[in-house]
Visitor: 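The structure is given below, and queries will be raised subsequently.
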Amino acid sequence: RYVASTLIDVYAKHGSMTDARAVFDKLSERDKVTWSAVITGYVQNQNGQEALSLFQQMLRFGEQGDNVTSVNILNACSTTAAVEQGQLIHACLVDGEFQVDTFLGSALIDMYASHGKLEDARRVFESLLERDVGVWNAIIESCTTSNNHRLAMYYFECMQMENLMPDDITFVCLLSMCSHMGLLEEGWHQLKLMIGQYGILPIVEHYNCIIDLLGRSGFLTEADNVLQNMPWQPT
RNA sequence: GGAGUACACGUGU
C-alpha cells in the first residue's frame with residue numbers, strides 16, 4: 001500500500017526525477033497523491049514548467065487534485081512566468097468549495113510577491129481568516145525582498161500583537177533585507193534580539209546574512225570573528 | 001503515502 005507515492009517522494013527528494021518519473025509512468029492507477037508527489041518533485045527540483053505540464057495532464061485524466069495540489073501549482077507559478085495560471089487557481093479557490101487555508105494563503109502571497117504584485121499579495125493576506133507564522137513570514141518576505149524596511153517592521157510588530165512569535169525564518173527575511181540595504185546596526189540589533197529575546201538559535205542562513213553585512217560594511221575582522229565562532233565548520 | 005513561508009556569493013540573460 002502506498003509504496004508508489006512513497007517511492008516517488010524518496011526519489012524526488014533525492015533529486016532523481018528521472019527515477020521518480022519512471023515509477024510514476026509505470027503506474028496503472030494514479031490518484032491525486034501520486035500525481036502531487038511527482039508534481040511536487042518537479043517544483044522542488046526547480047522544474048516548474050514540467051510541473052505545470054503534468055498538472056494539465058492530470059486535469060485531462062479527470063483528476064481534480066486538492067489543496068495540496070493547488071499549493072504545488074502555485075509554487076510552480078512562483079518560479080515560472082505563469083502568473084495567469086496562478087491567478088486562475090486563485091479564482092477557482094475563491095469560487096470553489098476549497099477553503100483558503102494558511103498553506104494556500106502563504107503560497108498565494110508568495111506567488112503574487114514573486115511577480116512583483118505586492119498589492120495582490122496584500123489583498124490575499126487581508127482576506128485570510130486564519131494567519132499562522134508561515135502566512136506572516138510570507139507577507140513580511142514580500143516587504144523584505146522589495147527592501148520595504150518600514151512595512152516589514154510594521155508587520156513584524158503586528159504579528160506579535162496577534163500573539164504569534166516570529167521564528168527563524170522571520171529573522172532570515174529581516175536579516176536578508178538588512179544585508180541588501182546595508183543596514184549594519186539594524187541587522188546586528190535584530191540578530192542579538194533574535195538570540196537573546198526570542199531564544200532562536202542562529203542557522204547558517206543567519207550567518208550568511210550577518211557575515212555578508214559585516215564584510216560589505218568594511219568590518220572584515222569582525223566578519224571573520226563571527227565566521228570562526230560558528231558552532232560548525234565553514235565548508 | 002503527497003503540500004506552504006527562508007539566506008549569501010559568483011556567472012550569464
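Small disclaimer: the values here were computed from a predicted structure and weren't measured. Letters A, B, ... are given to chains in the order of the sequence lines, protein chains preceding strands, and every chain is numbered from 1.
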Visitor: Do A:E119 and A:R122 meet the salt-bridge criterion of a basic N to acidic O distance under 4.0 Å?
Guide: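 Judged by the 4.0 Å cut-off on N to carboxylate O distance, A:R122 and A:E119 do form a salt bridge.
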Visitor: Hey, mind stepping through A:D212 and A:N208 against side-chain hydrogen bond (donor to acceptor under 3.5 Å, both in side chains) and telling me if it holds?
Guide: CA-CA 6 Å; A:D212 181 72; A:N208 282 337; over 6 Å; no
Visitor: Is there any protein nitrogen or oxygen under 3.5 Å from a nitrogen or oxygen in nucleotides 3-6 of chain B, and what are the pairs?
Guide:
from: B:A3; atom 1: OP1; to: A:K13; atom 2: NZ; distance (Å): 2.4
from: B:A3; atom 1: O2'; to: A:N72; atom 2: ND2; distance (Å): 2.7
from: B:G4; atom 1: O3'; to: A:N75; atom 2: ND2; distance (Å): 3.1
from: B:G4; atom 1: O2'; to: A:S106; atom 2: OG; distance (Å): 3.2
from: B:G4; atom 1: O2'; to: A:A107; atom 2: N; distance (Å): 3.0
from: B:G4; atom 1: N1; to: A:D132; atom 2: OD2; distance (Å): 3.2
from: B:G4; atom 1: N2; to: A:T102; atom 2: O; distance (Å): 3.0
from: B:G4; atom 1: N2; to: A:S106; atom 2: OG; distance (Å): 3.2
from: B:G4; atom 1: N2; to: A:D132; atom 2: OD1; distance (Å): 2.9
from: B:G4; atom 1: N2; to: A:D132; atom 2: OD2; distance (Å): 3.3
from: B:G4; atom 1: N3; to: A:S106; atom 2: OG; distance (Å): 2.6
from: B:U5; atom 1: OP1; to: A:N75; atom 2: OD1; distance (Å): 2.9
from: B:U5; atom 1: O3'; to: A:E141; atom 2: OE1; distance (Å): 3.0
from: B:U5; atom 1: O2'; to: A:A138; atom 2: N; distance (Å): 3.2
from: B:U5; atom 1: O2; to: A:N137; atom 2: ND2; distance (Å): 2.9
from: B:A6; atom 1: OP1; to: A:D110; atom 2: OD1; distance (Å): 3.3
from: B:A6; atom 1: OP1; to: A:E141; atom 2: OE1; distance (Å): 2.7
from: B:A6; atom 1: OP1; to: A:E141; atom 2: OE2; distance (Å): 2.7

Visitor: Using whole Å, what does the distance between atom P of nucleotide B:G1 and atom CH2 of A:W35 come to?
Guide: 22 Å
Visitor: I want to verify a distance call: between B:A8, B:G1, B:G2, whose nearest atom is closest to the A:S5 side chain?
Guide: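 For the A:S5 side chain, the nearest candidate turns out to be B:G1.
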Visitor: Determine whether A:F103 and A:F125 fall in the same hydrophobic cluster, where Ile, Leu, Val, Met, Phe, Trp and Tyr are linked whenever their side-chain heavy atoms lie under 4.5 Å apart.
Guide: yes
Visitor: Quick one: label A:R216 by what it contacts on the DNA or RNA (base, sugar-phosphate, nothing), any heavy atom closer than 4.0 Å.
Guide: sugar-phosphate
Visitor: Hydrophobic clusters here meaning ILVMFWY residues chained together by side-chain heavy-atom distances under 4.5 Å, can you tell me if A:I195 and A:Y207 are in one?
Guide: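 Both belong to a single hydrophobic cluster.
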Visitor: Rounded to the Å, how far apart are A:N208 CG and B:C7 C1'?
Guide: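 Roughly 5 Å, once rounded to whole Å.
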Visitor: For residues 22-29 of chain A, which side-chain donor-acceptor pairs fall under 3.5 Å, sequence neighbours excluded?
Guide:
from: A:D25; atom 1: OD1; to: A:R21; atom 2: NE; distance (Å): 3.1
from: A:D25; atom 1: OD2; to: A:R21; atom 2: NE; distance (Å): 3.4

Visitor: Of all residues at least two apart in sequence or in a different chain, which pass the ring-ring contact (aromatic ring centres under 6.0 Å, His included) check with A:Y198?
Guide: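 A:Y198 satisfies ring-ring contact (aromatic ring centres under 6.0 Å, His included) with A:F171 only.
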